[in-house]
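Note sheet for the following structure.
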Amino acid sequence: MLVGINGTPTECSPRPGQCLRTLLRDHAHFEVKKGCDAGDCGACSVLVDGEPVHSCIFPAFRAVDRQVTTVAGLGTPEDLHPVQRRFVEAGGFQCGFCTAGMVVTASTLDDETDLPRDDLAQKLKGNLCRCTGYRSIADAVHGVVNTEKVTDGPSSGRSLSAPAATRIVTGTEDYTLDITPAGLLHASVLGSPHPHARVVSIDTSVAEALPGVRLVLTSADSPDRLFSTARHEQRTDDPDDTRVIDTVMRFKGQRVAVVVGETLADAEAGCRALVVEYEVLPAVFDPAAASLPGAPLVHADKGQESRIADPSRNLVAELHGGTGDVDAAVADADAVVTGRFTTQRIQHVHLETHGTIGWMDDSGRLTLRTSTQVPFLVRNEICEIFGLRPDRVRVFTARVGGGFGGKQELLTEDIVALAVLRTGSPVQFEFTRGDEFTVSPCRHPFQVDVTVAGTADGVLTALAVDVVTDAGAYGNHSPGVMFHGCGESVAVYRCANKRVDAKSVYTNNIPSGAFRGYGLGQVIFAVESAIDDLARDLDIDPFEFRRRNVVVPGDPLVAAHVEGDDLMFGSYGLDQCLDLAERALREGNGVGAPPGWKVGEGMAIAMIATIPPRGHFAEVTVSLGREGTYEIGIGTAEFGNGTTTVHTQIAATELATSPDRIVVRQSDTDSATYDTGAFGSAGTVVAGKALLAAVLLLSERIRGVAASAFGVAPEACILGPEGVHCEDRFMSLPDVLADAGGTLTASGDSGGVPRSLAFNVHAFRVAVEESTGTVRILQSIQSADAGTVMNPQQCRGQVEGGVAQGIGSALYEEIQTDGAGTVVTDSIRSYHVPQFADIPPTEVYFADTYDQLGPFGAKSMSESPYNPVAPALANAIKDAIGSRLHALPLSSDRVWRSLDG
Ligand code: FES
């Protein structure tokens, strides 16, 4: 049977039940991405006889004798389709995993560059983007040019296009699973049907006898090494409470056994054939109940070596501290606000699911190609778990299809490593979209009791938070999220009396983990809501109340655990951010309210450390190449945060060359010395600083070679794109390299301290329909202090993407469970990821600051834009309807019920 694929008649044999996407990927059309398997995300979009379809739900046999066009059939990096070119020029992507499908659908709108936004939203409703917030995608369709082609002059500070841009828009950029090594086996996991149970026995005999099943792994095959799936520079930051395959199941879906088959279907059939006997144990799903005496214990078997604060109380970690006397300040205050705020479970929904392919290389070395933000930390932990030397394990990434913190976990690599070590064959393990919702760590649900108090003249005199977080079944990231959540959220206010109490509690729910903002967003929702109510009670404008009470340079940074030693104001732009957001709100751009709807305005602030605490290291090398090019070896991963672009800009600027002469080799334990990984925007400020040190040194060495050849002082020599000018003499870069003996390399490092602070202020004008509780955003504004904005288009995109994710999780996103450990929102459709139509445009403004600590004065700006969104929305809704909502999401039914109350 023939299917026309990109104009080529292709012999195909569609299998019963096979979808077109699988058929296309089986024929190495890896440009067709797998995002959901349910027709929800559009990453697999292709044209069939010119009509866009979701190929994951399009039966393969229906493509026989028809013409299928993938994104690669539209154009090539050398000969772009007009729509592909417009996506490059608009910067219409970040991680790029949605882009192949998005471009295919947009190609049907090639002649509609004046399409109204509502119509465009309708046309693109089947294509989700989790990164961009859709503005740049709309720009791409409309032919707006946001990026510059930089051929001369310094590239830093300009909107340089991403180096991978043409590959991304043509589908030729490889992601993790876009290869098929010969003899590739597939792993599938049998998940526990119980939230708490002991595995009594597993009969593997039937499964092992099935054709195509190559291996069954149970707890008997698991290394007896406890570890945490969370990865940090200090591995002791997280409790060691996890085994590759355990005998005790602590949440529904936890691995009971793994089957490795010749095909995924073989492996899944093997899982179905396993016979498991369980001893069901009592379970607990509420952190308050889990904290009571006599509650079921989730990790009763763990000793001190696991570093759990108190397994006999299900306590992962706790924090208590403060300054002054909160109770006395409350007693003396003119106004006091107290309230209990709760936040929900959220999923990252990076469009590329977690996945790993592993094999033994020619030297017998374990090699893992994996979708991770932290390749070096994964390498180190795989070595810990399996007792291997670091030089016997290589971990690397292709481009990572989104992360948002979800890929700071080791979730698929350990199974693949075990399977490869046992079989000697290449093995792939990939999370389904359902796995992402049911077993992949989610955002921690928080309960935050807040007390704030102030005097009539607008001075904040007391700030206290009492926080409980639900760690779920494992403590991965839970101590860090709890500590961080109670850090800058409290430290941002100058207040003489502060108290912080916090604890993170084990339950038999799905594990919680790292997510954009790392706990800050949850506590900021509570604090900024309460502060807003306090300002209203004192009859002071909310912007003005913040101006009077936020920390400024010279103030100490005080929370329960924020030590000032390595955290300081490398620059300060919160004042500018307040002014910018207020001015934009007063100008009142945006859309009008429907007749009869209540209108309100609200704002909130957020502060964040630019680098994670307790160590973040980067070591970078830069080499001069033979053709006057430069090669950077850098460890951090690119997952849509744009660090590759920024690194190219830093190097091109200091080496006085054009960006196209910079080659970045990254996120590979073989090609870089070390990097803690892509946490927040550490790639810009930590790896960027290490890179800057390296390129400055290399520039000096290059000039030194020419100076010594010409017998002049190095200061007399200037590095240019083609070579070194020393007064009236010139030495080309190839000659410099030859003179240096054929290699000229420099390295730089950064220890990640001291750390600076970045700021975000968000403001909304909203309308609320009282009869339904529907909230409509009329105007959305975010001002950000990112220090020097290295790439305005890219940085604006990070802000817009963070705001879009913030709006989704503030208004409707929620992983819902049945209260007994079962996730019921296990698909994109039931969970509701924001579509194009859901996200309003956001006005983005940058403060004009220069950070003393960051490279070129830059600060991080990836995760923090998310943090003030939910409280700003809640404050605007309060302004509109007079009711304070204390729980996220701020769904229409919650808004309506608050009106009713
Ligand atoms: Fe759209 Fe990442 S760029 S999902």
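What you see is a predicted model, and the numbers here were worked out from it, not measured in a lab. Just follow the structure's listing: the first ligand is 1, and inside any ligand the first atom is 1.
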Can you tell me how the ring of Y175 sits relative to the ring of F97, calling it parallel under 30°, perpendicular over 60° and tilted otherwise?
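Rings of Y175 and F97: perpendicular, as their planes differ by over 60°.
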Under 6.0 Å between the ring centres of H27 and H29?
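Centroid separation for H27 and H29: 6.0 Å or greater.
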I'd like to know whether D178 forms a salt bridge (charged side-chain N to carboxylate O under 4.0 Å, His left out) with R25, so could you lay out the CA-CA distance, the side-chain angles of the two residues, the decisive distance to 0.1 Å, and finally the verdict.
CA-CA 8 Å; D178 292 346; R25 287 184 66 87; 3.0 Å; yes
4.5 Å side-chain heavy-atom contact, V189 and F429:
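When only atoms from C-beta onward are counted, F429 and V189 do touch, with a gap below 4.5 Å.
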For Y518, the option from R443, H484, H477, E863 that meets side chain to side chain donor-acceptor pair (under 3.5 Å)
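Among the candidates, only H477 passes.
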Should the pair K123-D119 be classified as a salt bridge under the 4.0 Å nitrogen-to-oxygen rule?
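Not counted as a salt bridge, because no side-chain N and carboxylate O are separated by less than 4.0 Å.
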Using a cut-off of 2.8 Å, find all protein N, O or S atoms closer to atom 1 (Fe) of ligand 1 than that distance.
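Near atom 1 (Fe) of ligand 1, below 2.8 Å, one finds C98 SG, C129 SG.
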